[in-house]
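For reference, the structure discussed in these notes is given below.
Lettering follows sequence order; numbering is per chain, from 1. Because the structure is predicted, anything quoted here is derived from the model rather than measured.
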Amino acid sequence: MGEVAMELDAKIPSGPIQDKWDKARFDMKLVNPANKRRHTLIVVGSGLAGASAAATLGELGYHVKCFCFQDSPRRAHSIAAQGGINAAKNYQNDGDSIYRLFYDTVKGGDFRAREANVYRLAQISVEIIDQCVAQGVPFAREYGGTLTNRSFGGAQVSRTFYARGQTGQQLLLGAYQALERQVHAGTVEMYPRTEMLDLIVIGGKARGIVTRNLVTGEINTYLGDAVILGTGGYGNVFFLSTNAKGSNATACWRAHKRGALFANPCFTQIHPTCIPVSGDYQSKLTLMSESLRNDGRIWVPLKKGDKRPAGQIHEAERDYYLERRYPSFGNLVPRDVASRNAKYVCDEGRGVGETGLGVYLDFADAIRRLGRKAIEERYGNLFDMYQRITDEDPYNVPMRIYPAIHYTMGGLWVDYNLMSTIPGLFVIGEANFSDHGANRLGASALMQGLSDGYFIVPYTVGSYLATSKPGQIDASDPEIRNAVACVEQTIQKLLSINGRRTVDSFHRQLGKIVWDYCGMSRTAEGLETAIDQIRALREEYWQNVKVAGSADDLNQSLEKANRVADFFELAELMCIDARERNESCGGHFREEYQTEEGEAQRDDENYSYAAAWAYRGYGNYPELFKEPLDFEYVLPSQRSYK
Amino acid sequence: MATTVIGTREIRPVRFWDSTNGQKAVMAVSGVILLLFVFFHMLGNLQIFEGPEQLNYYGAALRRFPEALWAVRAILLIAVVLHIWSSVKLAVRKTSARPAGYARRKNVNSSYASRTMYWSGPILLAFIIFHLLHLTTGTVHPGGRFIEGDVYHNMVSGFQVWYVSAWYIFSMILLGLHLRHGAWSLFQSLGMNHPRHTPILKKAAMVFAIVVVAGYISIPVSILAGWVK
Amino acid sequence: MRVTLKVWRQRSRTAPGKFVDYPVENVNPDMSMLECLDVLNEELVERGEEPVAFEHDCREGICGSCGFMINGVAHGPQRATTVCQLTMRHFKDGETLTLEPWRARAFPLIKDLVVDRRSFDRIIASGGYVSVSTGSAPDGNAILVPKETADRAMDAAACIGCGACVAACPNASAALFTGAKIAHLGILPQGKPEQDRRAIRMVAQMNAEGFGGCTNIGECTGVCPKEIPLEVIAAMNHDYLRGSWRARDNVVTTIRPFTEWSTGSKLKTDLSSD
Ligand SMILES: Cc1cc2nc3c(=O)[nH]c(=O)nc-3n(C[C@H](O)[C@H](O)[C@H](O)COP(=O)(O)OP(=O)(O)OC[C@H]3O[C@@H](n4cnc5c(N)ncnc54)[C@H](O)[C@@H]3O)c2cc1C
Ligand code: HEM
Ligand code: HEM
Ligand code: SF4
Ligand code: F3S
Ligand code: FES
């Protein structure tokens with residue numbers, strides 16, 4: 001395994017926070033335009049982050065190779081984002097500013113993010129909107145022709161730009177079209193249906209990847225001067241999540257095994273308003289936009305196990321628990337708080353629906369107050385989607401919702417230049433341990449993915465190439481053979497076990513463990529149990545998994561098997577990280593550490609750091625490195641929504 | 001070079017005539033000409049109800065300026081040729097575009113007329129050929145002598161033969177189908193793309209088709225029925 | 001409930017294919033069509049048979065990965081719904097469902113219900129964009145766009161690239177897909193400068209791919225999960241005709257369509273980077 005930089009240098013530029021990014025860009029070395037074509041760059045991922053990076057690097061004249069496992073780059077998981085994208089444009093003149101977006105993001109992240117990165121993100125947010133509009137992204141408009149905004153995720157200002165309920169789709173198509181333009185220009189080679197299965201590290205630098213052609217099964221290697229991972233989040237560790245079925249951690253995890261540190265793996269985000277699980281055949285969870293909480297009232301029956309239909313439960317017998325516990329914010333408390341409280345009432349046995357894992361989101365009052373028409377205009381498409389899936393009419397019976405895993409703040413550790421601890425390996429988008437600290441605000445992930453891809457990595461990669469001058473490598477380097485061998489062994493092993501249980505049955509069980517012990521709330525002993533169970537299950541996996549088919553054609557169960565193998569190891573690291581962090585912050589809630597009102601209790605004395613873990617071999621305890629976080633501008637305070 | 005990247009580029013001039021959209025435009029323009037002819041031709045023929053003098057006068061009038069007549073004929077001929085050419089081009093593409101067909105296929109959103117253009121068309125062609133031999137040259141004229149210039153007599157004698165009338169009526173119905181789709185489709189093919197117009201055009205095309213069919217059919221019917229002798 | 005899935009099984013483009021009947025017991029009406037296939041595949045794997053290959057990712061009707069014919073209708077009986085969002089309650093107990101892949105020359109089959117739709121990417125690559133490089137954009141509000149215009153552009157932009165339009169079209173034409181992009185960008189001021197050029201190039205590629213010609217039949221909109229309106233095809237014709245009339249550039253580059261997937265490496269591991 002690759003060796004690790006012993007102390008973590010975040011390479012944060014000096015100077016006042018407003019000037020850091022300018023200074024950094026000025027200090028960067030530039031690549032002579034004539035030489036750019038000679039540099040091959042490998043971009044893994046075609047989501048918002050990957051596609052925007054590949055397109056921009058292509059425009060700059062580099063020779064780019066871009067990879068994705070779907071049949072087209074346009075299908076990356078980013079396509080599913082609904083709500084919108086934040087930007088500090090202050091078009092609404094409601095007092096927004098770069099500094100306020102910066103402030104909100106640091107505070108929303110519960111003071112576990114790096115100030116300098118977050119400030120840069122807020123600065124760049126403005127350019128992103130301009131770029132996307134110029135590409136022809138059909139953002140919502142006022143009658144006057146100007147861009148319109150909505151307020152999102154409980155923010156006090158309207159800074160969210162959106163395109164109906166398909167913002168992610170439109171932004172991704174914009175990036176995808178820019179990418180295809182470069183493909184046509186010949187600067188980018190696009191490799192769809194090609195999955196990265198290992199990272200090639202030569203002389204301590206990232207120099208290439210090993211891939212499996214998902215149609216022919218061919219194992220290939222692609223070499224270059226730098227590797228950029230934009231491979232998304234790992235929410236699918238939980239099996240049931242709002243992520244696309246294909247979303248996986250394999251690229252990041254195999255890079256981690258080659259020496260890249262993995263930061264804050266236990267920081268996962270649970271979204272409060274998803275459609276509850278309806279049966280054990282269920283394959284994924286569907287998100288209902290957060291905006292529903294603006295008009296819906298959340299409640300459960302007062303009595304345990306009250307199975308009467310909602311209509312027959314009278315006002316007096318209902319418990320509007322969010323309004324009761326948080327008079328000032330009511331149903332609009334942040335995601336982590338709303339989710340946790342839903343869990344509590346269900347644990348008390350007051351949950352609704354057959355499974356008892358659900359709470360009501362009731363629009364009766366809103367319809368009475370505003371009329372059905374108004375509600376239709378605001379949420380029509382969401383209500384239709386709900387009805388299509390559940391066959392219930394939310395206009396007449398209250399919606400049933402339950403929290404679901406939605407986003408992962410953790411990821412590969414990167415410095416200010418988005419470079420991991422392996423020189424030449426850059427990580428962008430949800431894949432890196434992002435700028436969102438312990439909790440992400442709504443509409444900030446799209447912003448971060450595009451800022452990384454369009455505006456940050458194109459500069460920092462150039463600077464890396466100019467300074468480190470990666471030389472030629474010979475194709476027969478033992479490191480290459482070694483990486484290829486690892487990949488082929490894993491595949492052969494998976495196919496040869498031929499046990500009795502399917503990959504999915506293992507994945508479901510793993511997901512349940514992680515959800516129960518490392519989900520909405522965690523305890524030290526719970527995490528211990530989880531770690532033991534995960535280890536045991538992984539042992540069984542390698543004895544008893546059954547993968548049908550062969551290695552040399554399209555084999556979807558083999559693809560899954562590869563990904564689940566990595567989920568096991570990542571799940572264990574998540575639990576280790578969660579147990580190590582003896583505090584509650586953002587999405588990470590340790591029951592031992594809460595205020596008397598049952599709110600998250602941070603411990604800034606001892607845990608104001610990013611926890612970056614180094615892989616120390618299969619089954620060995622990983623090594624923890626700490627990047628201290630100090631806050632000069634936004635002083636840590638206790639979040640309160642009472 | 002890996003082949004999963006998009007292939008090598010080839011430079012070639014796009015010839016309007018080779019493109020599906022170009023062919024559709026040709027079909028539309030030629031279609032319009034045919035369509036106009038069919039309409040006015042119908043009006044002309046309806047003069048049969050005004051009595052022999054009127055119709056024969058009209059027939060004679062057409063012949064008074066042979067140049068004009070031949071000009072019109074030339075245009076019609078070109079239109080039919082182009083129309084057929086483009087439809088054949090599209091038909092060939094259609095067959096090659098789906099080498100293996102479906103085991104099961106159900107239509108959910110299209111008119112019978114739109115799906116049968118490739119049938120109604122050729123049958124119409126067959127009709128036209130017969131029709132020219134029947135009433136223009138008189139080469140094929142069952143039931144009574146064909147008298148050059150006596151259009152009225154030719155029509156009446158012609159349509160008194162039931163199977164000739166039947167064939168005309170059948171063809172007219174196909175013509176109606178063809179126009180029901182064609183008369184709307186041509187606007188789409190020529191790029192009229194205002195959302196509000198489409199439904200109106202579809203209705204208009206339907207009305208037009210019905211009028212034309214009714215107008216034409218009225219002739220053989222009333223002759224068979226003996227109203228026109 | 002129980003259903004019988006009559007599924008097209010074909011190992012590869014060259015191998016012969018056939019329908020195989022699979023009875024599926026205890027189907028839950030709330031399942032999606034794809035979850036029903038999941039259940040079948042779990043059984044198949046346990047029996048040591050190869051699971052049915054089908055494309056899917058988001059399972060929310062937005063990524064455009066999924067799609068096949070159900071009883072002869074692309075994406076199945078429910079309008080404006082992809083197979084991943086189509087629940088089994090739309091079928092009768094005991095019903096037999098025929099599942100067939102999209103069939104078109106430009107969509108060569110890969111395996112079972114999975115086809116190769118790279119032809120769509122090549123159509124976009126040949127002009128489906130606004131040529132604006134990163135950094136060169138004016139302020140977002142510098143160009144005003146009437147709400148009505150933005151909404152119409154959005155209607156066309158909603159296309160998810162699933163290919164159902166081609167699958168359902170009696171001519172196997174890609175007019176709705178291509179028209180949707182041409183309309184989306186052509187309607188917006190940002191896309192106007194390239195309007196003619198875009199239409200000419202995208203149509204040239206669409207033809208090069210071997211799709212059929214559109215004769216305005218209209219099946220495509222009927223099965224389109226995003227109900228892309230037929231007008232986008234008229235818009236494409238409009239831009240194309242005007243473009244050809246003005247004949248801006250009558251020499252375009254098209255991308256040679258190809259259906260190969262193999263990276264051509266003799267040994268299973270190819271060490272060369274290019
Ligand atoms: C339902 C839903 C709604 C959301 N709504 C919002 C919202 O309203 N606002 C917001 O800001 N955020 C939202 N998010 C979060 C946001 O969508 C994601 O965080 C963001 O899109 C991630 O983009 P990405 O480019 O980093 O990764 P992705 O979009 O996930 O792309 C990953 C890419 O990597 C490729 N890849 C992965 N592994 C491999 C491999 N091993 N080999 C080759 N290629 C690989 C994939 O093919 C894909 O192209 C939402 C998320 C979900 C699930
Ligand atoms: C002679 C053989 C004929 C054939 C094979 C034929 C076939 C077709 C076909 C395939 C179309 C395409 C439909 C479409 O693209 O929307 C079409 C359109 C049309 N046809 Fe014909 N047709 C024939 C004769 C006629 C005649 C005699 C008329 C006039 C009476 C006519 C009028 C039209 C019109 C108006 C259209 C619409 C053009 C368009 O949609 O672009 N056709 N025809
Ligand atoms: C009941 C229906 C019709 C009747 C009674 C009819 C009658 C006639 C008559 C009498 C003539 C000869 C005119 C003359 O020589 O002076 C004629 C010519 C012709 N008809 Fe028709 N017609 C009918 C339908 C049609 C249709 C549907 C078409 C085309 C689709 C058509 C196309 C023609 C053409 C092309 C000519 C030749 C005109 C010329 O001399 O150049 N007819 N028709
Ligand atoms: S137009 Fe409709 S059917 Fe065709 S690809 Fe787009 S979404 Fe799918
Ligand atoms: S069905 Fe086919 S013919 Fe045209 S209108 Fe739709 S593409
Ligand atoms: S799986 Fe994404 S659209 Fe169906």
Original post:
Side chain, backbone, both or neither: which part of H197(B) has a non-hydrogen atom closer than 4.5 Å to chain C?
Top reply: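 Neither part.
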Original post:
Does the side chain of T20(B) come under 3.5 Å of the side chain of N207(C) through a donor N or O and an acceptor N or O?
Top reply: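 Yes, N207(C) and T20(B) have a side-chain donor paired with an acceptor closer than 3.5 Å.
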Original post:
Strictly by modelled atom types, are N109(B) and R79(C) linked by a side-chain donor-acceptor pair under 3.5 Å?
Top reply: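 Yes, because at least one side-chain N or O of N109(B) sits under 3.5 Å from a partner of the opposite role on R79(C).
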Subject >> Set of ring pair (Phe, Tyr, Trp, His ring centres under 6.0 Å) partners for F49(B), sequence neighbours left out >> reply: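 F49(B): no ring pair (Phe, Tyr, Trp, His ring centres under 6.0 Å) contacts found.
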**OP:** For F159(B), check ring pair (Phe, Tyr, Trp, His ring centres under 6.0 Å) against everything at least two apart and list the hits.
**Re:**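 Checked F159(B) against ring pair (Phe, Tyr, Trp, His ring centres under 6.0 Å); matches are Y168(B).
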Could you tell me if the side chain of [Y] sits less than 4.5 Å from the side chain of [X], heavy atoms only?
{"X": "I233(C)", "Y": "Q188(B)", "result": "yes"}
{"X": "V73(C)", "Y": "R105(B)", "result": "no"}
{"X": "F16(B)", "Y": "W245(C)", "result": "no"}
{"X": "T215(C)", "Y": "M117(B)", "result": "no"}
{"X": "P170(C)", "Y": "K94(B)", "result": "yes"}
{"X": "N237(C)", "Y": "K24(B)", "result": "no"}

**OP:** State whether the number of non-hydrogen atoms from other residues, nucleotides or ligands found under 6.0 Å of K226(C) atom NZ is greater than 12.
**Re:**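 Yes - once you tally the heavy atoms of other residues, nucleotides and ligands closer than 6.0 Å, there are more than 12.
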Original post:
Has the side chain of R98(B) got a donor or acceptor atom that lies under 3.5 Å from a matching backbone atom of N171(C)?
Top reply: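 No, the answer is negative, given that no donor and acceptor are paired below the 3.5 Å cut-off.
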Original post:
Can you name the residues that form a side-chain hydrogen bond (donor to acceptor under 3.5 Å, both in side chains) with S111(B), not counting sequence neighbours?
Top reply: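 Counting only residues at least two positions away or on another chain, S111(B) forms a side-chain hydrogen bond (donor to acceptor under 3.5 Å, both in side chains) with S114(B).
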**OP:** Work out which heavy atom in L241(C) is nearest to a heavy atom in S189(B); give both atom names and the distance.
**Re:**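 So the two residues come closest at CD1-O, 3.8 Å.
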**OP:** Can you tell which part of E219(C) gets under 4.5 Å to a heavy atom of chain B, answering side chain, backbone, both or neither?
**Re:**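 When you check distances to chain B, atoms from both the backbone and side chain of E219(C) fall under 4.5 Å.
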Original post:
Does anything in residues 5-19 of chain C get under 4.5 Å of chain B by heavy atoms, and if so which residues?
Top reply: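 Interface residues of residues 5-19 of chain C: F19(C).
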